[in-house]
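One structure is given here, and the rest of the page talks about it.
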Amino acid sequence: MTISETPTVEAARAAPRKEGMEGMIAARTAISKIDGLNGHLIYRGLDINDLAERSTFEETTALLWYGNLPTTTQLKNFNDKFVRNRLIPNQVLSFLLALPRRTSAMGALRTAVSASAAFDPNEGDNSLEANVNKSIRLTSSMPTIVAAWHRIRQGLWPINPRDDLSHAANFLYMLNGKEPTEKVAHALDVALILHADHGLNASTFAARVTASTLSNLHSSIVSAIGTLKGPLHGGANEQVMRTLLQVGDVDNVEPWLLNAFEEKRKVMGFGHRVYKADDPRATWLRKLAHEMAAETGDTRWIDMSEKMREVVQANKQLPVNVDFYSASLYYMMDIPIDLFTPLFAISRVSGWTAHVYEQYSNNRLIRPESEYIGLENVPYVPIAERD
Ligand code: ACO
């Protein structure tokens, strides 16, 4: 018998349940709502399209945490706190320096966030005020961690954050020491807004399950980072780009996809548990990717993406998800592929932390049940008699 082989009773095999908690309501939230049938997303009641058009990541984070848009003074104070907390403690930097250079960027981020807990002055305090302070430090410093790791693994010294740049522009600056153009910084800012929250997605659920045990905020975020990393969730954006690179040319798209369908392989960046219509975030990212292609003068990746979308929709009617166009967008912005998912985390931490506050505010342990489908009344056979 192999480890993974679970003995099942015939009756359970004959009537399998839909796995993956599809359609189940596992929490109540006032943070974001997805209307999957109509392709509509709101944060705290505001349409994602309005936020993408007019907000900033910093303002959107304040909206997610406090429940409404900040006034000018509130936003200024919020931005000031954000900027003041960008540096990471030297001890956390030492953790990064100690990691093998082959460590994945998501692995380095998860490790550094876990280590950050030990150096956080509010560690051990689970009050709302302490958690807001911890969230500011985490949200402000995660871009610094990711950029520092990218430098360290190349044998370069990390670049200190600047206090005169936006969250998005500062991240790009810390990657290579070059201030991004306004267009590039704006594209990343919009992408961060679009990724900030999304109902009870897998990583947010993981964060809420951890918080529901009254474990601390850093532990919840570490759970969420580990969950986001997988290719069925946030890890898909990296896989989309690897697919595009593998396909290589717009003429190869159709045969490549037909072969993937034949072999029943999943095509990354397509399909969603909740959306049956196009994901509104993908609509924005598509527009940004087209603009970036025009800016760089290289339309190869967006041409391939459009052909992929056409062939997948003709054959499978699957909607594109948020990870599809973000891949080519980030690639054209010269962001290394394995930083795509950390970039998702840099944004989603604002939603995760909002959900952790919400979970604490009306907590009950999240503890579903499993349906046992194994054997019963199995006699214990002494080891000498098992051969
Ligand atoms: N490529 C090919 N077929 C697909 C895809 C896909 N990307 N997505 C779903 N399908 C097919 C399945 O094979 C299945 O077909 P079947 O009924 O003939 O077996 C059917 O559509 C239903 O798919 P499920 O996997 O059961 O749908 P589920 O709701 O469990 O999965 C998921 C959703 C994980 C997103 C899935 O669509 C997928 O694997 N997509 C690719 C990975 C991806 O892009 N993930 C990012 C999602 S967005 C995010 O998390 C940020």
Side-chain angles (χ1 to χ4, degrees), residues 55-66 70-97 108-152 157-175 179 185 188-189 192-193 195-197 207 216-222 224-225 339 342-357:
S55 188
T56 59
F57 175 70
E58 290 86 330
E59 183 184 64
T60 299
T61 300
L63 169 71
L64 292 172
W65 290 355
Y66 297 104
T71 62
T72 312
T73 314
Q74 286 168 339
L75 185 59
K76 187 185 173 309
N77 291 339
F78 192 72
N79 277 338
D80 287 349
K81 276 194 210 153
F82 245 63
V83 167
R84 276 204 307 276
N85 284 284
R86 283 180 177 165
L87 268 177
I88 52 176
N90 282 338
Q91 296 94 326
V92 173
L93 206 53
S94 308
F95 271 89
L96 290 175
L97 286 162
L109 176 64
R110 189 194 55 229
T111 304
V113 166
S114 187
S116 301
F119 304 101
D120 193 290
N122 291 112
E123 168 67 351
D125 182 348
N126 227 8
S127 65
L128 178 62
E129 194 191 345
N131 280 328
V132 172
N133 288 334
K134 287 188 243 183
S135 303
I136 289 173
R137 281 192 279 277
L138 265 180
T139 310
S140 301
S141 65
M142 275 174 49
T144 315
I145 292 172
V146 174
W149 173 244
H150 181 55
R151 306 272 306 168
I152 288 169
W157 195 246
I159 295 172
N160 274 343
R162 290 224 328 234
D163 57 12
D164 58 334
L165 297 176
S166 70
H167 199 65
N170 178 54
F171 170 68
L172 294 167
Y173 165 74
M174 289 187 295
L175 276 186
E179 207 179 306
L188 184 61
D189 191 37
L192 294 179
I193 293 170
H195 285 81
D197 197 53
N216 63 355
L217 183 127
H218 281 81
S219 300
S220 297
I221 304 310
V222 170
I225 293 172
L339 299 193
L343 205 41
F344 195 149
I346 283 172
S347 162
R348 185 58 58 85
V349 66
S350 59
W352 291 332
T353 43
H355 279 268
V356 170
Y357 310 152

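Owing to the predicted nature of the structure, the values given are computational and were not obtained by experimental measurement. Worth knowing before you read on, the calculation uses all heavy atoms, side chains too, and leaves out hydrogens, waters and symmetry mates.
- With hydrogens and angles ignored, the 3.5 Å screen pairs no side-chain donor or acceptor of Arg86 with any backbone N or O of Ser140.
- In this structure, the separation between CG on Leu172 and CG on Leu165 is 9.5 Å, given to the nearest 0.5 Å.
- The structure places CG of Leu96 at 8.0 Å from OG1 of Thr111, a figure rounded to the nearest 0.5 Å.
- At a threshold of 4.5 Å between non-hydrogen side-chain atoms, the residues Glu179 and Arg162 count as touching.
- Taking both residues in full, the closest heavy atoms of Val113 and His218 are given as O-CD2, 3.5 Å, listed atom of the first, atom of the second, then distance.
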Between Ile193 and Glu59, does a side-chain contact (heavy atoms from CB on, under 4.5 Å) hold up when you go through it step by step?
CA-CA 9 Å; Ile193 293 170; Glu59 183 184 64; over 6 Å; no
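- Taking each heavy atom of Phe171 and Pro143 in turn, the nearest pair found is CD1-O, 3.6 Å.
- Here the straight-line distance linking atom CD1 of Ile88 with atom CE of Met142 works out to 12.0 Å at 0.5 Å rounding.
- No side-chain heavy atom of Pro158 sits under 4.5 Å from any side-chain heavy atom of Met174.
- A heavy-atom distance below 4.5 Å is not found between the side chains of Phe95 and Ile145.
- For the atom pair OG of Ser220 and CG of Asn131, the computed distance is 8.5 Å after rounding to the nearest 0.5 Å.
- The two residues Leu109 and Ala345 have their closest heavy-atom pair at CD2-CB, 3.8 Å.
- Using a 4.5 Å heavy-atom threshold, the side chains of Trp149 and Leu339 count as separate.
- Counting only heavy atoms from C-beta outward, the side chains of Leu188 and Leu343 approach each other to under 4.5 Å.
- Here the side chain of Thr71 pairs a donor or acceptor atom with the backbone of Gln74 at under 3.5 angstrom.
- For the pair Phe119/Pro89, a side-chain contact is recorded, criterion being any heavy-atom separation below 4.5 Å from C-beta on.
- The shortest distance between side-chain heavy atoms of Ile152 and Leu93 falls below 4.5 Å.
- Ring geometry for His167 versus Phe57: interplanar angle under 30°, hence parallel rather than tilted (30 to 60°).
- With rounding to the nearest 0.5 angstrom, the CG atom of Asp163 is 9.5 Å from the CG atom of Asp80.
- The side-chain heavy atoms of Asn126 and Lys134, taken from C-beta on, include a pair separated by under 4.5 Å.
- Of all the heavy atoms in His195 and Arg348, the pair that sits closest is O-NE, 2.6 Å.
- Between Thr139 and Ser350, the side chains place no donor N or O within less than 3.5 Å of an acceptor N or O (distance only, hydrogens not considered).
- Using a 3.5 Å distance cut-off with no hydrogens or angles, the side chains of Thr353 and Trp65 do pair a donor with an acceptor.
- Here OG of Ser127 is found 8.0 Å from CG of Asn133. Values are rounded to the nearest 0.5 Å.
- At least one donor-acceptor pair under 3.5 Å links the side chain of Asn85 to the backbone N or O of Lys81.
- Of all heavy-atom pairs between Thr144 and Pro161, the closest is CG2-CD, 4.2 Å.
- Pairing each heavy atom of Leu192 with each of Ala168, the nearest pair is CD1-CB, 4.0 Å.
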